[in-house]
> 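Pasting in a structure now, in structure tokens, and then I'll have a few things to ask.
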Protein chains: 2
Amino acid sequence: MKSQSTEDYLKAIYQLQEMQNGEPVSTSTLASWLGVANASVTGMVKRFSSADPKLVEYEPYTGFVLTDAGEKIALEVIRHHRLIECYLSQALGYSWDEVHEEAERLEHVISEAMEDRMAQALGNPISDPHGDPIPDREGNLHQLNVIPLTQLAVEQPGTIRRVIGQEPDLLRYLAEQGLVLSAHIKVISKAPFNGPISIRIVNSSETILALGREVAEKILIQPSSNTR
Amino acid sequence: MKSQSTEDYLKAIYQLQEMQNGEPVSTSTLASWLGVANASVTGMVKRFSSADPKLVEYEPYTGFVLTDAGEKIALEVIRHHRLIECYLSQALGYSWDEVHEEAERLEHVISEAMEDRMAQALGNPISDPHGDPIPDREGNLHQLNVIPLTQLAVEQPGTIRRVIGQEPDLLRYLAEQGLVLSAHIKVISKAPFNGPISIRIVNSSETILALGREVAEKILIQPSSNTR
DNA sequence: CAAAATTATTAGCCTGACCTAAATCTTATT
DNA sequence: AATAAGATTTAGGTCAGGCTAATAATTTTG
């Protein structure tokens, strides 16, 4: 089994690559994501690309891309992480802003047997408490058909399916406003000049919420047919 | 938080001290228990006894004894370990020979919050699947009134309350024979010259089981009044 | 297109946790 | 009391995973 650091690096590269539509991940991006010095990343990744099997491809001054072997490990760790999040939420009553931190440590130590038992207890869930997809044992991800809230048309109704990012403060804030998974919402207006997006939660109070673009970008919506 | 190794060392010292009725633990005993070289123990324990607060008292050529601060940490780790064992057994269907290995890694990474939630889900158990007592948050242990099976008198009935040791093979063997917690047994005979002890499981088949002294020493019995 | 700014790499160092081999201390034995 | 046997510690080394400071490569800008 790979060390905890190795697993963290590979997971981070995978996630950053995903966030950048497959672009190679630069040294400094990875370093600041992991909270280590650039030089540490250079050293660590150098080991990865001379490992057997090779875990990342590395083009100096371009960045890192996972090999299939590296991606496999990353997906295993992500599967652990997200299953644990689900389990903590469903079996132990954690809220969605608490699960990430705990899972971050547990993901490196659970056995495959434990993973299987958790998955079974949960009925093999396909997404975690934030709507992030859980890879299956082979690493296949179930992709949702969603768009960021920023791209939802005015008056177009939709359902919240996923929230990107793990900042507990933001997650708590969203939950307080009723912006949780499966909530039905509708965009009332989008202020110009990149201003806030005003939305309403359908079938709930008539309150109108204004969200900044940064936040709205992280809320992924499954559009539904416009019923009005 | 202390490193995983530190926690392992302190836990080991605690358990060895317990097994030796409070005797100081020698370098080589600890080293072979942990599976590391003697020199590694010397180095590590030296750090502990010059730490702030000091974690072990060390008398050269006599051995190590935990200070109150060291014992506190050891008991926290043991509480984690045993609660996890309980949880795995009750919530995820692990058998008593499987729990130890998994708990051995999880004990170092769970948060206090998770510990509390597990304890609550289990109804604050006071012993783990092997009958080992679970320290409470303050480190208090509930001591059972038990004796090793080797000391149970012939014809004296008793109940299995605890099994010492975590060897999966032994635990599986015992379970197959019906020697599980709460089983009622009676000693039929004790062969002389340290020979095997023959027992019968009360209220079950009439089969007579012969156990070696080594094994019998690890089975702790709560004697009950002789009803015949 | 050269200089400035940015980004990445190298060099050299540190710490924790291990190791082996050699030296030293203690205890037991003659 | 001297020595052999056994236990323990010291000396010196490795490896992973960090760090800072200095250097080098690339990209941007004037």
Side-chain angles (χ1 to χ4, degrees), chain A residues 1-13 16-17 19-20 23-66 70 73-74 77 104-105 107-109, chain B residues 1-13 16-17 19-20 23-66 70 73-74 77 104-105 107-109:
Chain A
M1 218 254 258
K2 298 293 165 187
S3 76
Q4 184 157 324
S5 284
T6 298
E7 291 187 350
D8 281 336
Y9 272 78
L10 295 175
K11 185 176 70 155
I13 295 171
L16 289 168
Q17 233 181 286
M19 283 160 52
Q20 303 169 171
E23 291 292 304
V25 178
S26 72
T27 302
S28 48
T29 304
L30 183 52
S32 79
W33 180 264
L34 289 171
V36 300
N38 284 4
S40 307
V41 168
T42 301
M44 193 75 175
V45 174
K46 208 187 312 187
R47 282 202 287 279
F48 293 167
S49 57
S50 61
D52 177 43
K54 195 192 262 198
L55 301 173
V56 306
E57 290 296 347
Y58 171 45
E59 188 71 50
Y61 292 92
T62 301
F64 320 119
V65 180
L66 293 179
I73 295 172
V77 178
E104 202 63 12
R105 297 184 310 271
E107 65 186 8
H108 303 293
V109 305
Chain B
M1 220 253 256
K2 298 294 165 185
S3 76
Q4 184 157 322
S5 283
T6 298
E7 292 186 350
D8 282 336
Y9 273 76
L10 295 175
K11 185 176 69 154
I13 295 171
L16 289 169
Q17 233 181 287
M19 283 160 54
Q20 303 169 171
E23 291 292 304
V25 177
S26 73
T27 302
S28 48
T29 304
L30 183 52
S32 79
W33 181 263
L34 289 170
V36 299
N38 285 1
S40 307
V41 168
T42 302
M44 193 75 174
V45 174
K46 207 187 310 187
R47 282 203 286 279
F48 294 166
S49 58
S50 61
D52 179 43
K54 194 192 262 198
L55 301 173
V56 306
E57 291 295 347
Y58 171 47
E59 187 71 48
Y61 293 92
T62 302
F64 320 120
V65 180
L66 293 179
I73 295 172
V77 178
E104 202 64 11
R105 296 185 310 272
E107 65 186 8
H108 303 292
V109 305

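Note on naming: letters A, B, ... go to the chains in the order of the sequence lines (proteins, then strands), and numbering restarts at 1 for each one.
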> So, OP1 or OP2 of C:dA17: does either fall under 4.0 Å of a side-chain N or O from B:Ser3?
yes
> Under 4.0 Å between a side-chain N or O of B:Ser5 and OP1 or OP2 of C:dG16?
no
> Is there a donor-acceptor pair under 3.5 Å between the side chain of B:Gln17 and the backbone N or O of B:Leu66?
yes
> Strictly under 3.5 Å: I want the nitrogen or oxygen pairs between protein and nucleotides 24-26 of chain D, one per line.
from	atom 1	to	atom 2	distance (Å)
D:dA25	O4'	A:Tyr61	OH	3.4

> Side chain of B:Thr6 only, please: which of C:dA17, C:dA8, D:dT20 is the nearest?
C:dA17
> Given C:dA8, is OP1 or OP2 found less than 4.0 Å from the side-chain N or O atoms of A:Lys46?
no
> Give a yes/no answer on whether the side chain of B:Arg47 brings an N or O atom under 4.0 Å of OP1 or OP2 in C:dA17.
yes
> Once you round it to whole Å, what is the distance between P of C:dT7 and CZ of A:Phe64?
14 Å
> Can you find a side chain N or O atom of A:Tyr9 that sits less than 4.0 Å from OP1 or OP2 on D:dA16?
no
> If you compare every side-chain N and O of B:Ser40 against the phosphate oxygens of C:dC19 (OP1, OP2), does one of them come in below 4.0 Å?
yes
> Is there a side-chain contact between A:Thr27 and the phosphate of C:dT7, meaning an N or O under 4.0 Å from OP1 or OP2?
no
> Which whole-number value in Å describes the distance from B:Met44 CE to C:dC19 C1'?
15 Å
> Is the shortest side-chain N/O distance from B:Ser28 to OP1 or OP2 of D:dG6 below 4.0 Å?
no
